[in-house]
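Numbering starts at 1 and runs along the sequence shown. Hydrogens, waters and symmetry mates are skipped; everything else that's a heavy atom, side chains included, is used.
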Amino acid sequence: MSPRTVAFVSAPIIAKRPPRRLPIYTVTATIYEADARQTDSEPFITADNSRIPRRHSSKMRWMALSRDLLKPWGGDFAFGDSVRVTGISPKLDGNYIIHDTMNRRHRHCMDILAAKSEHLDEMWKNVKITKVEPQWHAS
C-alpha cells in the first residue's frame, strides 16, 4: 500500500468579540451592623433569607442595595449577584455579594455589612459599583 496524500484545510479564523461592557453605577456607601437598632426585628436574617452567623468576620463581604437598584423593584441587580465596589478605601474596595435591601427611602445607595463598629459613622459618595459576570469553568 502506498501512502495517500492528505490535504490540510485550515480552519477559518473567528474574530473574538470584545467582552461586554457592563454598566457602572454611582452610589453612596455606608456601613451597617447586624443590630436591631440598624435593621429590623430580625437582624441576622437578610432579605434573601440568608442567615448572618452571630460571630461573622469582616472577611464576609455581604452588602445591601437600595430598592431602586434591585430587580424586584425594576433595577438591574438580583440577590446573590457579585458586585465590584470601588471608591471607598483600599481595605473596603472589592467584590461583595448582595444579600439584603435597604429601607425604601434610600435611592442609589449601598450598605456594607460590618463585623465591628469601625467606620459606622462614615459615608462615601461617588462610589462605583458594577456587576461581576460569573466565569464558568469546566469541572
Side-chain angles (χ1 to χ4, degrees):
M1 287 199 186
S2 62
R4 290 188 275 168
T5 53
V6 178
F8 290 99
V9 178
S10 62
I13 298 174
I14 299 172
K16 286 189 176 181
R17 228 180 331 164
R20 192 175 93 201
R21 185 165 285 251
L22 298 171
I24 298 173
Y25 295 87
T26 303
V27 298
T28 300
T30 53
I31 294 182
Y32 77 104
E33 288 181 320
D35 182 11
R37 291 174 290 164
Q38 295 180 26
T39 58
D40 58 9
S41 61
E42 295 183 1
F44 291 98
I45 299 175
T46 63
D48 68 348
N49 285 325
S50 297
R51 293 195 176 271
I52 300 170
R54 296 242 181 226
R55 298 186 189 273
H56 68 281
S57 71
S58 59
K59 292 182 180 181
M60 215 173 129
R61 295 205 141 194
W62 286 12
M63 69 182 294
L65 274 182
S66 56
R67 294 177 186 211
D68 62 323
L69 297 172
L70 290 168
K71 281 189 180 176
W73 294 275
D76 288 336
F77 296 95
F79 292 119
D81 282 350
S82 289
V83 176
R84 178 170 309 281
V85 177
T86 56
I88 299 175
S89 73
K91 182 180 177 185
L92 295 174
D93 286 355
N95 291 350
Y96 288 84
I97 299 173
I98 302 170
H99 283 284
D100 216 343
T101 187
M102 299 174 73
N103 190 295
R104 72 186 75 179
R105 72 178 177 266
H106 297 288
R107 312 288 279 156
H108 271 69
C109 293
M110 63 170 274
D111 256 350
I112 296 171
L113 178 64
K116 48 188 168 188
S117 60
E118 61 183 55
H119 303 295
L120 278 180
D121 57 343
E122 293 188 45
M123 178 187 305
W124 298 273
K125 294 187 182 252
N126 299 321
V127 174
K128 307 291 186 205
I129 63 171
T130 186
K131 193 184 296 188
V132 176
E133 287 285 325
Q135 295 179 349
W136 300 102
H137 299 284
S139 55

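Counting heavy atoms from C-beta outward, Val85 and Val127 have side chains that approach closer than 4.5 Å. Residues Ile98 and Leu70 form a side-chain contact, since some pair of their non-hydrogen atoms from C-beta on lies under 4.5 Å apart. Contact annotation: the side chain of Ile112 approaches that of Ile88 to within less than 4.5 Å [non-hydrogen atoms, C-beta and beyond]. No side-chain heavy atom of Trp124 sits less than 4.5 Å from a side-chain heavy atom of Thr28.
Nearest heavy-atom pair across Val83 and Val132 is C-CG2, 3.9 Å. Considering every non-hydrogen atom in both Phe77 and Thr130, the closest pair reads CE2-C, 4.3 Å. A pairwise comparison of heavy atoms in Ile31 and Asp111 identifies N-OD1, 3.9 Å as the closest pair. Among all heavy-atom pairs drawn from Arg61 and Asp93, the shortest one is NH1-O, 3.1 Å.
Here the CG atom belonging to Asp68 is positioned 10.5 Å from the CG atom belonging to Asp76, to the nearest 0.5 angstrom. Between the NZ atom in Lys131 and the CG atom in Leu69 there is a gap of 11.0 Å [rounded to 0.5 Å]. The CE atom of Met63 sits 11.0 Å away from atom CD1 of Ile97, with the distance rounded to the nearest 0.5 Å. One distance of note links OH of Tyr96 with CD1 of Ile129; it measures 12.0 Å at 0.5 Å rounding.
Thr26 meets the side chain to side chain donor-acceptor pair (under 3.5 Å) test with Lys128; sequence neighbours excluded.
Ser66 places a side-chain N or O within donor-acceptor distance of the main-chain N or O of His108, the cut-off being under 3.5 Å. Thr101 places a side-chain N or O within donor-acceptor distance of the main-chain N or O of Leu65, the cut-off being under 3.5 Å.
Among the candidates Met102, Met123, Arg67, the single residue satisfying the side-chain contact (heavy atoms from CB on, under 4.5 Å) test with Cys109 is Met102.
Note on Ile24 and Met110: separate hydrophobic clusters, where clusters join Ile, Leu, Val, Met, Phe, Trp and Tyr whose side-chain heavy atoms are under 4.5 Å apart, directly or indirectly.
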